[in-house]
There are 2 protein chains.
Amino acid sequence: MRELDETDLEILQLLVADARRPYNEIADAVNLSPPTVSDRIDRLRDLGVVKRFTVDLDRSLLSDGVAVLVDLHVEPGRVSEVRNGVEGIDGVEHLFVTADGNVIFHARLRDGAVEPLLTDAIDIDAVREYDVKLLEDSAWHPEPRGVEFALECDECGNSVTSEGESSHIDGELYQFCCSSCQSQFEERYEDLKEAA
Amino acid sequence: MRELDETDLEILQLLVADARRPYNEIADAVNLSPPTVSDRIDRLRDLGVVKRFTVDLDRSLLSDGVAVLVDLHVEPGRVSEVRNGVEGIDGVEHLFVTADGNVIFHARLRDGAVEPLLTDAIDIDAVREYDVKLLEDSAWHPEPRGVEFALECDECGNSVTSEGESSHIDGELYQFCCSSCQSQFEERYEDLKEAA
DNA sequence: CCTGAAAAATTACGTGA
DNA sequence: TCACGTAATTTTTCAGG
């Protein structure tokens, strides 16, 4: 089965810029028929590339809260616990987990009191220290602009083009840049399974 | 002209969760007719509350870059210059400006080399120092959950809903969340006037 | 802001490359 | 498998009150 190709990427770019564009307009732009565009978008959703259709809101117009960026220095081994707790805090818009184990989140809070929220949502002992920065401005750039659009080959890491392959293995979808990577991966996977 | 009311916020929440929901479904949820929902959404766009209809992509599937969080400590007075430069960098998804003048951005970069990108996009002299953190995970919570209504009760400070009241007093318009706040305010106002 | 009708967009389905 | 055309269906927009 063919995975993502250039046309899919063009469709994505058009949707990111304006998700209400009618299919016939997209179809014109990518030289396909509207039903085909529809099929492709369905597939992009199935693949998980399109997570959702949504609206980009100007939150400063909606909320009278204070936007903050909170940086939690988490005790080793408790990152995912803290991460999950933070996700449940009201007003949290973005959440980042750094490779060295910090959990950073962007939230809009009714008052500046971060501490009670934290003690409420997580075991505060899991946090060595934290740092709160008031935000003046924030922006979201959904445009994929110059970003290289490429699925990574799960075997060699190269980008996956329209010549690539994919396999469903044990309910997971894996992407490959070529059939040799695919078979190599499947072999290794089998070996791993046997070893277990 | 009427500002935002509870119904608008409900509509926004529904759209954020799924911008493809048909108007009749939204209409049912908020007890309006589909054309009215359409009118309201148009107004929300005109007001700038809805900036755009878009799709939320899973970039980890698309880009083989590395996700990083970069914290720029900017020279005083050059924040907006740096901010604008950063906005132009390819792969930048989120950008935050802190009250104390840091510009922080979340980007997915093809390679780990941040420095050349920075020197390319901005005058590096404007940055005192910077800090790059590799990201392991990030999440976006578009739900406006704790979103507060923009109008504050002039008596108690709570948010004003569609059940609220308003009074013209001496040429000024005051908003209240309920009639008791309204009368309390008016009483105090009278007393204040008499005292003067 | 509503109802009801017209216009437009999306989806379903059968066919062919 | 992928795409298309046509037709059915759903959704959005437009009038008029």
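Side chains are part of it too, since the values below use all heavy atoms of this structure and drop only hydrogens, waters and symmetry mates. Just so it is clear: chains get the letters A, B, ... in the order the sequence lines come, proteins before strands, and each one is counted from 1.
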- Query: What nucleotide, of D:dT11, D:dA3, C:dT10, holds the atom closest to the side chain of A:P22?
  - Reply: C:dT10
Which whole-number value in Å describes the distance from [X] [atom1] to [N] [atom2]?
X: B:D5; N: C:dC1; atom1: CG; atom2: C1'; result: 13 Å
X: B:R40; N: C:dC1; atom1: CZ; atom2: C1'; result: 9 Å
X: B:L32; N: C:dT3; atom1: CG; atom2: P; result: 10 Å
X: B:I26; N: D:dT10; atom1: CD1; atom2: P; result: 18 Å
X: B:N24; N: C:dG4; atom1: CG; atom2: P; result: 15 Å
X: A:R43; N: D:dC2; atom1: CZ; atom2: P; result: 7 Å
X: B:I11; N: D:dT12; atom1: CD1; atom2: P; result: 13 Å
X: B:F53; N: D:dT12; atom1: CZ; atom2: C1'; result: 12 Å

Any salt bridge between [X] and [Y], counting N to O under 4.0 Å?
X: B:R40; Y: B:D5; value: yes
X: B:D125; Y: B:R78; value: no
X: A:D8; Y: A:R43; value: yes
X: B:K133; Y: B:D71; value: no

- Message: According to salt bridge (charged side-chain N to carboxylate O under 4.0 Å, His left out), who are the partners of A:E25, at least two apart in sequence or on a separate chain?
- Response: A:R21
- How are the rings of A:H94 and B:F96 set to each other: parallel, tilted or perpendicular (split at 30° and 60°)? perpendicular
- Message: Let me check the geometry of the helix from C:dC1-D:dG17 to C:dA17-D:dT1. What is the bend angle between the axes at its two ends, five pairs each, to 10°?
- Response: 30°
- Report yes if at least one side-chain N or O of B:S33 is closer than 4.0 Å to OP1 or OP2 of C:dC2; otherwise report no. yes
- So does A:T36 get a side-chain nitrogen or oxygen closer than 4.0 Å to the phosphate oxygens (OP1/OP2) of D:dC2? no
- Got A:L4 and A:L47 here, is their nearest side-chain heavy-atom distance under 4.5 Å? yes
- Beyond-backbone contact of A:L15 with B:T54, side-chain heavy atoms, under 4.5 angstrom: no
- Any donor-acceptor pair under 3.5 Å from B:N102 side chain to B:I104 backbone: no
So which protein N/O to nucleotides 11-17 of chain C N/O distances come out below 3.5 Å?
| from | atom 1 | to | atom 2 | distance (Å) |
| --- | --- | --- | --- | --- |
| C:dT11 | OP2 | A:S38 | OG | 3.2 |

